[in-house]
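By convention in this document, chain letters (A, B, ...) are assigned in the order of the sequence lines, proteins followed by strands, and residues within each chain are numbered from 1.
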Number of protein chains: 2
Amino acid sequence: MTAETAKTWETSREEFVAQWGALGSNWGINRTMAQIHALLMTAPEPMYTDEIMLRLHISRGNANTNLRELSGWGLIRLVVKKGERREYFEAEKDVWKMFIIIAKERKRRELDPALDVLKGCAEQTRGETAGAGRDFHRQMKELQEFVEFGMKVSDTVAGMKHASALQWAIKLLG
Amino acid sequence: MTAETAKTWETSREEFVAQWGALGSNWGINRTMAQIHALLMTAPEPMYTDEIMLRLHISRGNANTNLRELSGWGLIRLVVKKGERREYFEAEKDVWKMFIIIAKERKRRELDPALDVLKGCAEQTRGETAGAGRDFHRQMKELQEFVEFGMKVSDTVAGMKHASALQWAIKLLG
DNA sequence: TCTTATTTTCAGATAGTTCTGAAAGTTTGA
DNA sequence: TCAAACTTTCAGAACTATCTGAAAATAAGA
């Protein structure tokens, strides 16, 4: 029975890992990284590099690079078992924490550099007081303000505990 | 004077187009598409294919493909000028409308398929009542609920007028 | 210090994406 | 119905991202 049950969920898990990897592409995250994350997120115990290589049929270099990358995001952490030399990895499993980590990282990668560009362009055309030049300046300014505003909302939400975020959202939706 | 002024803002615009294109990559949008969008967003008048090809130094095929793609997103629209045969394009310039369009599209591309996977995995392991199988089921369920919740929030916000969204956000931030 | 287990790096290979340019298709007006 | 103006398509080229595998680096115990 235990064996059968185990087989059932492991099958589902394999599918999850495979599909999540495919989805990674849509998300701008590379397939292997997404697969490793899915694998660790559903791992009952921390795993080490060779296990991961074996499960996903990937090379050592690939596994290592993407494990580093995931650590960099803060989505997985290194675990050392006493008496053992090799490094194990485990994923953050709390959905809200995961969300906050991803939101922050995306903000840093997507919004911050965009804001710099907008600020620069708005600044350079501050003197435009008529015609197309003014319109351009206005557009840059509007975009800049919108992005800044979005960042503030995102920071506020990211600073919340799960419970109070729920609270807040229920009010919004109700 | 007019010529000088024009030169100034056009320089800034060129930079905006170039940089926005580079940013597109981070955003999972291809460079050309982002550049065309930036160009049209800052165009005083609708533009046609050959103008765009010339400004961005891209081929006809490339221009055409990406113009179609942008129309598909709803970020630009086709304009016909009476008495003229060729098609002109103009971009949606309202920041809030742009945001809603992008949010909807990203939801469709990123969230909808993810939700399907999660539902499938949660469904398949509904019978798991103990041990690792149950944990897996719980994890899928949690993720599913979180994504559904996020979608609801996103729908609600997307349904708002700019003014009431601001209203709401000020309350959140204040 | 030496040996062995483990991790990291990176040049070249592979796979995936985007772009070009020319040919085919479409529309319009004479 | 024809020709000109314009748009679409798509095979192959160019470019980019990712992966492999083996060698180099590192760390720990004997």
*What is the distance, rounded to the nearest whole Å, between atom CZ of Arg60(A) and atom P of dA5(C)?*
13 Å

*Which nucleotide sits closest to the side chain of Thr32(B): dT8(C), dC19(C), dT7(D)?*
dC19(C)

*Taking all non-hydrogen atoms of both residues into account, name the closest pair between Val17(B) and Gln35(B) and its distance.*
O-CG, 3.5 Å

_Note: Glu142(B)-Lys97(A) ion pair, threshold 4.0 Å (strictly below)_ = no

*Rounded to whole angstroms, how far apart are OH on Tyr48(A) and P on dT6(C)?*
9 Å

*Output yes when at least one side-chain N/O atom of Asn64(A) is less than 4.0 Å from OP1 or OP2 of dC10(C), else no.*
no

*asked:* If I take atom CD in residue Glu69(B) and atom C1' in nucleotide dC19(C), what distance separates them, rounded to the nearest angstrom?
replied: 14 Å

_salt bridge (Lys or Arg N to Asp or Glu O under 4.0 Å), paired with Glu84(B), selected from Lys81(B), Lys82(B), Arg86(B)_ = Arg86(B)

*asked:* Need to verify one output field. Residue with the more 5' nearest nucleotide on DNA chain D, His57(A) or Glu87(B)?
replied: Glu87(B)

*To the nearest angstrom, how far is Asn30(A) atom CG from dT18(D) atom C1'?*
7 Å

_Protein-nucleotide distance (Ile58(A), atom CD1; dA17(D), atom C1'), rounded to Å_ = 16 Å

_For a quick test of reading the model: is some side-chain N or O of Arg68(B) closer than 4.0 Å to OP1 or OP2 of dT8(D)?_
yes

_Quick check: Phe146(B) with Phe99(A) (ring centres under 6.0 Å apart)?_
yes

*Could you tell me whether the phosphate oxygens of dT20(D), OP1 or OP2, come under 4.0 Å of any side-chain nitrogen or oxygen in Asn62(A)?*
yes

*To the nearest Å, how far apart are Asp50(A) CG and dT20(D) P?*
14 Å

*Which is true for Arg85(B) with a 4.0 Å heavy-atom rule: it touches a base, it touches only sugar-phosphate, or it touches nothing?*
base

*Leu56(A) CG to dC19(D) C1', straight-line distance once rounded to whole Å*: 13 Å

